[in-house]
J.: 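Please find one structure pasted underneath; my questions will follow.
The chains referred to below are lettered A, B, ... by the order of the sequence lines, with proteins before strands, and numbering in each begins at 1. Atom set for the values below is all heavy atoms of this structure, side chains included, hydrogens, waters and symmetry mates excluded. Keep in mind that what you see is a predicted model, and the values were worked out from it rather than measured.
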Amino acid sequence: MPELPEVEVTRLSIAPSLRGSIVLQAHLGKPLRWPLGCRTGHLVGRHVGDTQRRGKYLWIPLGPRPGRAADDAGGLLLHLGMSGSLQWVGVGSSQAGPAGPLDPPGKHDHFDLVTTQGTLRLHDPRRFGAVVWSDALTSDPAAKLLQRLGPEPFDPALDDAAFHARLRARRSAIKQVLLSGDAVVGAGNIYACEALFAAGIDPRTPACRISRARAARLLAAVRHTLSRAMAVGGTTLRDFRDAHGMSGEFQNEAQVYGREALPCHHCGTPIRRLVQAQRATYYCPMCQKR
DNA sequence: AATGGCGCCTGAACGC
DNA sequence: TGCGTTCAGGCGCCAT
């Protein structure tokens, strides 16, 4: 399940390959969450810029078409949804087939961006993901999709006081507030559970009832958990891979996620599972307090 | 206006 | 073996 670490790992695995290339063609498969918003031919001939990330979205800047003014530029906003992953096949790679630089799209390959340096392919069985053209990050539809996102976890402007203030504005359980991305973006179900364990906070605690000191611990725990996950290539529960096929290792370090009834690594108490907002939450009833 | 719930999708795991 | 059911969940959207 791509959360912020998986998206960042993906970004790092495609940015150097894509940067400086020129789009030769693009192909669409089955419909994704939202329509592309332009014809695939609209992308051809554009210079590819440096891939950026905001929350769990990726932004691939595309320069103006040949002979057009600067305001013809735009880019692609990508989201990996639940089951999306990107694959990069470089020109001259061993995966190059007789038909061209890449095998024909498989059943779950729904977008190809063919460039002078290689092909970026989106694989997404559940199709909760999206690829959307936008004239700029600050124009719709990108702006509309990004406007509601909370602060980035590693934004220096997000200090303990700011984070605490955001928690105080929410009466929902802290687990749901983390998932909503209102107080800080990037923690999905796995990392929200892990960060709450690391901070020793019961996932059912109303966000507004968390003290300044505990909020500081939680913010540090979110940052530490996301950092650690990125350092080991993310979490591969089933099929997450970076664009070069590398799987992640964080699943081996999970303290609570997916460990119902197994002993807590810290105190030995069986890990519990509960459902919050129709999503599984795992926690240690001994180590995590309200 | 914050908040809870729905629906989009498919494959894996499960029960009979 | 095969069928039906349940679960997984990011997140925009809707209703309250």
Side-chain angles (χ1 to χ4, degrees), chain A residues 1-11 28-37 53-59 77-86 105-111 122-132 134 140-150 152-153 165-196 203-209 222 226 229 234-241 248 250-251 254 256-261 273-282:
Chain A
M1 331 304 167
E3 302 180 32
L4 185 145
E6 289 73 30
V7 176
E8 180 65 10
V9 164
T10 297
R11 185 187 74 82
L28 286 170
K30 287 186 187 174
L32 294 162
R33 179 164 189 171
W34 301 299
L36 178 60
R53 180 190 57 75
R54 173 75 174 97
K56 299 171 189 170
Y57 288 90
L58 290 175
W59 171 250
L77 192 70
L78 271 70
H79 199 290
L80 299 178
M82 255 286 294
S83 58
S85 61
L86 292 172
K107 182 182 178 186
H108 300 305
D109 296 328
H110 303 303
F111 181 73
L122 175 66
H123 177 86
D124 186 4
R126 269 164 259 191
R127 289 192 282 131
F128 284 15
V131 182
V132 178
S134 194
D140 286 342
K144 191 168 189 297
L145 292 169
L146 300 180
Q147 68 176 359
R148 71 181 60 234
L149 296 184
E152 285 288 322
R166 286 174 177 272
L167 296 189
R168 292 199 54 164
R170 299 295 306 275
R171 285 192 283 186
S172 313
I174 183 61
K175 162 76 183 318
Q176 290 160 245
V177 172
L178 284 180
L179 275 188
S180 75
D182 294 344
V184 59
V185 295
N189 210 35
I190 298 171
Y191 301 121
C193 291
E194 295 298 320
L196 285 167
R204 298 164 294 188
T205 311
C208 59
R209 299 244 301 270
V222 168
L226 297 178
T235 298
T236 299
L237 285 184
R238 182 165 301 152
D239 49 14
F240 172 74
R241 296 284 190 280
F250 190 82
Q251 66 281 1
V256 290
Y257 186 83
R259 300 194 66 245
E260 182 180 16
R273 177 186 188 272
L274 57 84
V275 175
Q276 292 178 287
Q278 305 161 89
R279 266 163 216 129
T281 298
Y282 299 88

J.: Can you tell me if K107(A) touches the phosphate of dG11(B), counting only side-chain N or O atoms and a distance under 4.0 Å to OP1 or OP2?
T.: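 The answer is yes; a side-chain N or O of K107(A) sits under 4.0 Å from OP1 or OP2.
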
J.: Please report the distance, rounded to the nearest Å, between CE in M82(A) and P in dC7(C).
T.: 14 Å

J.: Does a side-chain N or O of Y191(A) approach OP1 or OP2 of dG9(C) to a distance below 4.0 Å, or not?
T.: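 For dG9(C), OP1/OP2 do not have a side-chain N/O of Y191(A) under 4.0 Å.
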
J.: Within this structure, what is the CZ-to-P distance between F128(A) and dG11(B), rounded to whole angstrom?
T.: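 The distance from CZ of F128(A) to P of dG11(B) comes to 12 Å, rounded to the nearest Å.
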
J.: When the distance from NZ of K175(A) to P of dT3(B) is rounded to whole Å, what number comes out?
T.: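 From K175(A) NZ to dT3(B) P: 17 Å.
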
J.: CD of Q278(A) versus P of dA8(C): gap in Å, rounded?
T.: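 Atom-to-atom, Q278(A) to dA8(C), this comes out as 11 Å.
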
J.: Take the protein atom OH of Y57(A) and the nucleotide atom P of dC11(C), then report the distance between them rounded to whole Å.
T.: 6 Å

J.: Could you say whether P125(A) or R33(A) is positioned toward the 5' end of DNA chain B, judged by the nucleotide with the nearest heavy atom to each?
T.: R33(A)

J.: Below 4.0 angstrom from OP1 or OP2 of dG11(B), is there any side-chain N or O of H108(A)?
T.: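 Yes, H108(A) has a side-chain N/O under 4.0 Å of OP1/OP2 on dG11(B).
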
J.: How close or far is atom P of dG10(C) from atom CG of D182(A), stated in whole angstroms?
T.: 14 Å

J.: Could you state the atom-to-atom distance from CG of L146(A) to P of dC11(C) in whole Å?
T.: 11 Å

J.: What's R273(A) touching, base or sugar-phosphate or nothing? Going by heavy atoms closer than 4.0 Å.
T.: sugar-phosphate

J.: Can you measure L32(A) atom CG to dG12(C) atom P for me and round it to whole angstrom units?
T.: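 My rounded result for the distance is 15 Å.
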
J.: Assuming nearest nucleotide by heavy-atom distance, tell me which of Y282(A) and H79(A) is located more 5' along DNA chain C.
T.: Y282(A)

J.: Compare the minimum distances between each of dT3(B), dG10(C), dG12(C) and the side chain of S172(A), then state the nucleotide with the smallest one.
T.: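 Closest of the options to the side chain of S172(A): dT3(B).
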
J.: Is the Y191(A)-F250(A) ring centre distance short of 6.0 angstrom?
T.: yes

J.: So, OP1 or OP2 of dG4(B): does either fall under 4.0 Å of a side-chain N or O from Q176(A)?
T.: yes

J.: Touch check for R171(A), heavy atoms < 4.0 angstrom, all strands: base, sugar-phosphate only, or nothing?
T.: sugar-phosphate

J.: Quick one: is dC13(C) close enough that its OP1 or OP2 comes under 4.0 Å of any side-chain N or O from K144(A)?
T.: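 So the side chain of K144(A) is within the cut-off, an N or O lying under 4.0 Å from OP1 or OP2 of dC13(C).
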
J.: Once hydrogens and angles are ignored, does a donor-acceptor distance under 3.5 Å link the base of dA8(C) to the side chain of R126(A)?
T.: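 Indeed there is one.
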
J.: Do any N or O atoms from the side chain of E194(A) and from the backbone of V256(A) form a donor-acceptor pair under 3.5 angstrom?
T.: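 Yes; at least one donor-acceptor contact below 3.5 Å.
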
J.: With a 4.0 Å cut-off on N to O distance, would you call D182(A) and R166(A) a salt bridge?
T.: no

J.: So if I take every side-chain heavy atom of E3(A) and compare against dG10(C), dG4(B), dA8(C), which nucleotide ends up nearest?
T.: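 Closest of the options to the side chain of E3(A): dG10(C).
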
J.: Rounded to the nearest 0.5 Å, what separation is found between the OH atom of Y282(A) and the CG atom of L274(A)?
T.: 10.0 Å

J.: Does the distance from a Lys or Arg side-chain N to an Asp or Glu carboxylate O, for E3(A) and K56(A), drop under 4.0 Å?
T.: no

